[in-house]
Amino acid sequence: MRPNYHPEGLFDENKVSDTENEKAKQRSSPITQLWHMNGKCPQGTIPIRRTKEDDVLRASSVKRYGKKKRRAIPQPRSADPDLISQSGHQHAIAYVEGGKYYGAKATINVWEPKIQQPNEFSLSQLWILGGSFGEDLNSIEAGWQVSPDLYGDNNTRLFTYWTSDAYQATGCYNLLCSGFIQINSEIAMGASISPVSAYRNSQYDISILVWKDPKEGHWWMQFGNDYVLGYWPSFLFSYLADSASMIEWGGEVVNSEPAGHHTSTQMGSGRFPEEGFGKSSYFRNIQVVDDSNNLKAPKELGTFTEESNCYDVQTGSNGDWGHYFYYGGPGRNPNCP
């Protein structure tokens, strides 16, 4: 199975697995996955991260293993503080809504944020959303995350997620349930990303593109310039079988309020947006896919954060980075007790 069309033109077969192509040679600051040090998978196979007994035992139940908790979607229009605090999830995002969207792209700065409690996580991702924020929300998500509960360590890992009923019964991370169909033999879902950015030092980022094939209707994912990873079949979804009504980009953390205080789990680099490049984490070259299957700059980019003293977001635009934003923060600090 291959996509028929690509937002950057007709689909190029080399994007599945030709690592010797010219684009690969031109990469600056290439990102790899740690498992590549131990070899590669042969053509016609896919890499799958092994699930161990300990992984399942860390979950609240076998049924919930590999699933996000409910109400894990940032709701920019929600001003109800009970709803915000009840979920324990906090966000710093940019978003567009009000149109029909057929995909999204971004280049995401990669860090390894510190996690205070094992049951908390920190992630940076894009959300492709359809439907209301009720029981029938459809979501496709991709990015990087640090999640000790899910993976048993503090490594930064590539991940995907999907749900068609607001995280109730459907969907999961990566390949932990049926849904996402992987076709690529070189990139593993849930595997560690290396290297990661360092404060006032080298910066690394990854590009993620998710788009709807106009012919078959499936949602495809591309990692970097060269790797088409696989697809979410359109039959998984109700609203997203047609199009998305909202796109979000940004960070999310779980705040379990240890000892009654705000968590010190970091979002992004753990620094606030105003510190800028080399210190704060960023999303750059943010784009959406329109109904003609073209990548376009988003119109009227909004921002949202529940507690800007804990995690914040600041947007901008220029020639090189297009639409971008810095985001994140340290969590607990004197202004965020």
Side-chain angles (χ1 to χ4, degrees), residues 60 63-106 121 123-143 145 147 150 159-181 189 208 210-212 217-221 231-255 286 288-289 291 298 301-306 313:
S60 57
K63 193 176 176 185
R64 293 303 304 168
Y65 173 64
K67 294 181 180 290
K68 276 192 178 184
K69 292 180 176 66
R70 292 189 55 194
R71 283 191 175 160
I73 285 273
Q75 295 176 256
R77 293 174 301 283
S78 169
D80 181 351
D82 290 337
L83 187 68
I84 288 168
S85 59
Q86 189 180 348
S87 76
H89 289 246
Q90 289 187 256
H91 308 84
I93 62 160
Y95 67 93
V96 289
E97 61 179 341
K100 282 193 166 190
Y101 308 103
Y102 297 85
K105 186 177 183 181
F121 65 62
L123 57 76
S124 297
Q125 66 170 63
L126 54 83
W127 287 260
I128 292 176
L129 302 170
S132 67
F133 284 88
E135 307 291 292
D136 58 355
L137 182 77
N138 291 195
S139 182
I140 289 173
E141 306 170 26
Q145 69 182 160
S147 178
L150 188 59
F159 83 95
T160 60
Y161 200 92
W162 71 274
T163 180
S164 61
D165 63 355
Y167 307 96
Q168 295 176 88
T170 63
C172 62
Y173 282 111
N174 305 327
L175 304 177
L176 295 176
C177 65
S178 58
F180 183 81
I181 297 172
M189 295 300 184
I208 289 178
V210 176
W211 83 99
K212 195 175 201 303
H218 305 318
W219 290 88
W220 286 84
M221 177 181 171
Y231 64 97
W232 292 268
S234 61
F235 64 73
L236 294 174
F237 305 104
S238 50
Y239 297 101
L240 288 180
D242 174 45
S243 62
S245 53
M246 189 171 192
I247 308 288
E248 298 176 347
W249 302 263
E252 176 184 353
V253 300
V254 172
N255 172 28
I286 296 166
V288 296
V289 180
D291 57 4
L301 197 61
T303 61
F304 171 77
T305 181
E306 290 93 347
V313 55

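Everything numeric in this text was worked out from a predicted model, so none of it was measured.
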In Å, rounded to the nearest 0.5 Å, how long is the span from CE of M189 to OG1 of T160?
4.5 Å

Would a distance-only check, ignoring hydrogens and angles, find a side-chain to backbone donor-acceptor pair under 3.5 Å from N138 to Y239?
yes

Please report the C-alpha distance between W232 and M221 in whole Å, then the side-chain angles of each, then the deciding distance to 0.1 Å, and finally whether the side-chain contact (heavy atoms from CB on, under 4.5 Å) criterion is met.
CA-CA 8 Å; W232 292 268; M221 177 181 171; 3.8 Å; yes

Return the minimal non-hydrogen interatomic distance between G217 and S234, and the atom names on each side.
O-CB, 3.2 Å

What verdict does the side-chain contact (heavy atoms from CB on, under 4.5 Å) test give for Q145 and L150, after you've listed the backbone C-alpha separation in whole Å, the side-chain angles of each residue and the deciding distance to 0.1 Å?
CA-CA 10 Å; Q145 69 182 160; L150 188 59; 3.7 Å; yes

Might you point out which heavy atoms bring S139 and W127 nearest each other, and give the distance in Å?
OG-CD1, 3.9 Å

What's the separation between atom CG in L126 and atom CD1 in I93, rounded to the nearest 0.5 Å?
12.0 Å

With side-chain contact (heavy atoms from CB on, under 4.5 Å) as the criterion, how do L236 and S164 come out once you've worked through the C-alpha distance, each side chain's angles and the decisive distance to 0.1 Å?
CA-CA 7 Å; L236 294 174; S164 61; 5.7 Å; no

When the ring planes of Y231 and W220 are compared, do they come out parallel, tilted or perpendicular, using 30° and 60° as the limits?
tilted

Here the gap from H91 atom NE2 to T303 atom OG1, rounded to the nearest 0.5 Å, amounts to 14.0 Å

Note: S245 and G130 closest approach over all heavy atoms is OG-CA, 3.8 Å

At what distance, to the nearest 0.5 angstrom, does OH of Y161 lie from CG of N174?
10.5 Å

Among side-chain atoms of E306 and Q90, is any donor-acceptor pair under 3.5 angstrom?
no

Could you tell me whether the side chain of K212 and the main chain of G103 form a donor-acceptor pair under 3.5 Å?
no

Can you check whether Y173's main-chain N or O pairs, donor with acceptor, with K68's side chain at less than 3.5 Å?
no

Tell me every residue that passes side-chain hydrogen bond (donor to acceptor under 3.5 Å, both in side chains) with Y65, counting only those two or more places apart in sequence or in another chain.
none

Between P298 and V96, which heavy-atom pair has the shortest distance, and what is it?
CB-CG1, 3.5 Å

Considering only heavy atoms from C-beta outward, does the side chain of I128 approach that of I247 to under 4.5 Å?
yes

According to the interplanar angle, ranging from 0 to 90°, do the rings of W162 and F237 count as parallel (below 30°), tilted (30 to 60°) or perpendicular (above 60°)?
perpendicular

Rounding to 0.5 Å, atoms OG1 (T163) and CD (Q168) come to a distance of 7.5 Å

Considering all heavy atoms, the nearest P233-I181 contact
CG-CD1, 3.7 Å

Could you go through E248 and L129, starting from their C-alpha distance and side-chain angles, then the distance that decides it, and tell me whether this counts as side-chain contact (heavy atoms from CB on, under 4.5 Å)?
CA-CA 8 Å; E248 298 176 347; L129 302 170; 3.6 Å; yes

Of all heavy-atom pairs between K105 and W249, which one has the smallest distance, and what is that distance?
O-NE1, 3.4 Å

Look up atom CD in E252 and atom NE2 in H89, then write down how far apart they are to the nearest 0.5 Å.
5.5 Å

